[in-house]
Amino acid sequence: MNAPARMSPPPMSAPAPELDHERRFQPSREALETFLRDTRQWTTPCVYDTGLPISFTRTTYFDTERLDFLGSCRAGRPQRLRLREYAGTVNLSCPPMLTGTRFLEMKTSSGQRRTKIRASLSADEAGALLTGAPLPKESAAATLLRQAAPAPVKPWVTAWYRRHTYATEDASVRITVDEELLFALPPERSAMNEPATPSRLLHRAPASLLEVKWRGSSPPWLEWLLWTLEPFETRGSKFEQGMRARLASTPSTQ
């Protein structure tokens, strides 16, 4: 079994790695375990913080009042605007705590191809986004927001999940497994070392989500293994799933 690779989080000012292909699957437990076992000779588990080895992600999705971003999913070229935060814990008996690393991201997909741009955020900037306060005009996040959003946006729904990550040595292939996925109403603040688990639950997703991302041409070993997963491929996204849960919980009179 491969030893975990110690990974350092990207610098706050660095752009996100350009992983320009992505496929998503909801495999059975047996198919997932088989896939991960078969990829072991090419990938290793990634540990971003050895002090908090169990990793979680909190992703809050934004949209306009007209739901322009949700509409882009129906049009076949999905766009997602999201606040991504990271949390971790020593063991599952302790609550996951926010690490203080957070980004505003704009992700656009077309088939298997995707582009993503991100801007690092301070706690105050994240709090402004979550509460509708203005961002400093000169900030990178404000610039990204002006470029990405056709109208003012607000937080609609938050996804929370435990994430396992595996990568090749050169990071050209990255595999993530999201478990214990749930959707909730958005938080109102983001502060380092605060409990991260959402409290206002909307929906729990029963299945694990496997995402495979790679740069350039996929290596032959990956092509073969992806072929075995094709019966489990899904076109849906956490954003769409979360928005369905949010809209279903909203009274029609609002």
For the pair [X] (side chain) and [Y] (backbone), establish whether a donor and an acceptor sit closer than 3.5 Å, ignoring hydrogens and angles.
X      : Y      : result
Ser72  : Gln79  : yes
Arg146 : Leu144 : no
Thr60  : Leu83  : no
Asp20  : Gly216 : yes
Thr165 : Cys46  : no
Thr168 : Ser172 : yes

Given side-chain hydrogen bond (donor to acceptor under 3.5 Å, both in side chains), test Arg163 with Thr57 step by step and report yes or no. CA-CA 7 Å; Arg163 168 161 284 191; Thr57 302; 4.7 Å; no
Treat each ILVMFWY residue as a node, draw an edge where side-chain heavy atoms are under 4.5 Å apart, and state whether [X] and [Y] are in one component.
X      : Y      : answer
Phe183 : Phe69  : yes
Leu70  : Leu202 : yes
Trp156 : Phe239 : yes
Val153 : Leu185 : yes
Phe232 : Phe35  : yes

Side chain to side chain contact (heavy atoms under 4.5 Å, CB included) between Leu129 and Leu121, worked out: CA-CA 10 Å; Leu129 282 171; Leu121 290 169; 3.8 Å; yes
Do [X] and [Y] come close enough that some side-chain heavy atom pair is under 4.5 Å?
X      : Y      : result
Pro195 : Met97  : yes
Glu125 : Leu104 : no
Arg84  : Lys107 : no
Pro95  : Thr197 : no
Thr34  : Thr228 : no
Phe62  : Pro152 : no
Tyr48  : Tyr86  : no
Leu209 : Gln26  : yes

Single hit among Arg24, Arg80, Arg77 for side-chain hydrogen bond (donor to acceptor under 3.5 Å, both in side chains) with Ser109: Arg80
If you look only at pairs with a residue in residues 54-66, which of them pass as a salt bridge (charged side-chain N to carboxylate O under 4.0 Å, His left out), with sequence neighbours excluded? Arg58-Glu85, Glu65-Lys154, Arg66-Asp68
Can you tell me if [atom1] on [X] sees more than 12 non-hydrogen neighbours from other groups inside 6.0 Å?
X      : atom1 : answer
Glu223 : CD    : yes
Glu230 : CD    : yes
Trp224 : CH2   : no
Arg200 : CZ    : yes

Smallest heavy-atom separation, Ser218 atom then Leu222 atom, equals CB-CD2, 4.1 Å
Under a 4.0 Å N-O cut-off, is there an ion pair linking Glu179 with Arg162? no
Should side-chain heavy atoms under 4.5 Å link Ile, Leu, Val, Met, Phe, Trp and Tyr, which residues sit in the same cluster as Leu201? Ile54, Phe56, Leu92, Trp160, Leu182
Going from NZ on Lys137 to OG1 on Thr143, what distance comes out if it is rounded to the nearest 0.5 angstrom? 12.0 Å
Take Phe25 and Glu233 through the test side chain to side chain contact (heavy atoms under 4.5 Å, CB included) and record every step on the way to the result. CA-CA 4 Å; Phe25 308 88; Glu233 190 155 14; 3.8 Å; yes
Taking it one step at a time, do Glu211 and Lys238 satisfy side chain to side chain contact (heavy atoms under 4.5 Å, CB included)? CA-CA 11 Å; Glu211 296 179 342; Lys238 288 191 282 289; 3.3 Å; yes
